[in-house]
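Worksheet: the structure to be examined is printed underneath.
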Amino acid sequence: MDYPLFESMLSSYGSEIFAFLWRMVRDGAEAEDCLQETFLRAFKAFPRVEAGANYRAWLYAIANNVAKTYLKRRAGSEARLSVLEENRSDGGGSVEGIVERHEELELVQTAVRALPHKQRAALMLRKYHGLEYSEIAGALGCSQASARANVYQGLKRLRTLLAREPQRVEQ
Amino acid sequence: MEEDDRAFGAWLGDAEGTVTAHPLMEALDRLYTSGPGPGRTQQALEGAREMIRRVQSEVVYYDSLANTPVGPLFIALSNKGIVALEYSESATASAGRLRQRGNYELVHSREEVSHAAREVMDYLEGRRADFDLPLDLTGLTAFQRLVLLAVVGVPRGKVATYAEIARKIDRPRAARAVGQALRRNPIPIVIPCHRVLASDGGLGGYTGRGGLRTKKQLLSLEGVRLGTA
């Protein structure tokens with residue numbers, strides 16, 4: 001087994017895979033666990049990967065499965081997530097404005113979490129990881145057309161969810 | 001709605017055109033653009049690397065060195081260092097024994113052990129004075145490790161006694177146990193148990209092939225002049 005190659009793969013793609021997991025689970029410590037699990041699975045499967053495969057898409061596929069399993073397990077006892085962290089540096093604005101913004105962000109985040117897993121993953125991969133639809137198809141195990149459809153369906157669903165009254169956002 | 005769709009396309013990079021402000025996309029960007037931050041990422045990558053190292057350490061490469069001045073040797077290397085050097089006629093039998101020492105996946109590979117094999121050959125044929133090989137003492141007891149590391153500290157050309165090693169590890173009454181630990185030295189020659197002699201000036205023992213003859217051979221290679229013992 002080519003360990004140096006595996007090492008270099010970790011160096012090349014580790015950061016973005018971690019970012020993807022973080023975007024999916026929205027918790028630093030949990031994303032760390034998921035990253036370890038992802039690379040452990042990758043390590044075990046590595047000898048069976050064909051030479052010249054798209055390692056990046058392959059890693060995303062594993063990471064996506066790890067996140068899916070993880071979120072399913074967590075679904076029952078979902079921890080309350082704070083969006084305050086991301087917005088400390090927002091600076092100015094009235095207190096009311098900030099509170100309102102946070103509420104709005106939490107709402108969006110809740111809506112994102114209510115998306116079917118595939119739509120959520122496809123959206124993240126396309127928008128924040130710059131994957132081509134062919135790569136998203138590889139990562140999600142679907143056709144390119146389906147990858148694209150999932151991204152747009154996800155966005156449309158978010159738009160619908162958020163058009164409702166805040167109280168009625170589906171969990 | 002159609003306007004939304006156009007905005008989505010531009011935002012996703014699927015369509016030409018400038019991204020128009022849209023509250024949903026603004027909120028998404030605010031939530032997801034920044035990512036987990038460099039410190040957290042660094043920490044996560046370290047964790048993943050550490051875990052891979054732990055798993056990796058289970059792979060051990062081995063080979064046999066057929067023609068050395070002390071006969072055939074079995075050599076085994078993990079990613080941490082040399083795991084075993086054994087006076088052995090059968091690599092298969094040695095690999096089997098090694099499998100009991102740790103959770104190892106043994107892989108026969110001349111290439112992976114070549115640098116260590118060269119060091120051993122160079123040493124035995126007098127072209128090299130000391131070893132640069134890191135040691136992997138996984139699977140040994142704390143006492144064994146302590147003894148073996150103390151013996152590594154006995155330099156070429158010098159000898160020590162079992163009692164001296166016992167004192168060196170703060171177990172002055174354990175000379176006999178030191179002898180026992182050395183008898184099970186998994187990496188002889190590299191961990192120079194041949195430099196440890198009996199306190200009465202005798203050679204003590206040597207479990208390697210040829211017994212005391214090999215011990216003398218190694219000591220004389222290192223320029224140690226033995227008495228008439």
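All values reported here derive from a predicted model rather than from experimental measurement. Naming convention: chains lettered A, B, ... in sequence-line order (proteins, then strands); numbering from 1 in each chain.
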Requested in this report: Determine the interplanar angle of the His108(B) and Tyr62(B) rings, folded into 0 to 90°, and report it as parallel if under 30°, tilted if 30 to 60°, perpendicular if over 60°.
Outcome: tilted
Report task. Hey, can you tell me if Phe46(A) and Trp58(A) have their rings parallel, tilted or perpendicular (30° and 60° cut-offs)? Result -> tilted
Heavy-atom contact with chain B under 4.5 Å, split by part of [X]:
{"X": "Phe39(A)", "value": "both"}
{"X": "Ala31(A)", "value": "neither"}
{"X": "Phe20(A)", "value": "neither"}
{"X": "Ser11(A)", "value": "both"}

Requested in this report: Find the one option among Pro38(B), Ser109(B), Gly35(B), Gly47(B) whose heavy-atom pairs under 4.5 Å with chain A are most numerous.
Outcome: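 Looking at each option in turn, the highest pair count goes to Gly35(B).
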Query raised in the report: Would Phe43(A) and Phe6(A) count as a close aromatic pair, with their ring centres under 6.0 Å?
Result: yes
Report task. Using a cut-off of under 4.5 Å on heavy-atom pairs, state which of Gly14(A), Gly28(A), Ala19(A) scores highest against chain B. Result -> Gly28(A)
Query raised in the report: Any side-chain heavy atom of Glu132(A) within less than 4.5 Å of one from Arg126(A)?
Result: yes
Query raised in the report: Does Tyr32(B) have Arg26(A) sitting over its ring (NZ/CZ under 6.0 Å from centre, angle to axis within 45°)?
Result: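 Relative to the ring axis of Tyr32(B), which defines the angle, Arg26(A) lies inside both limits.
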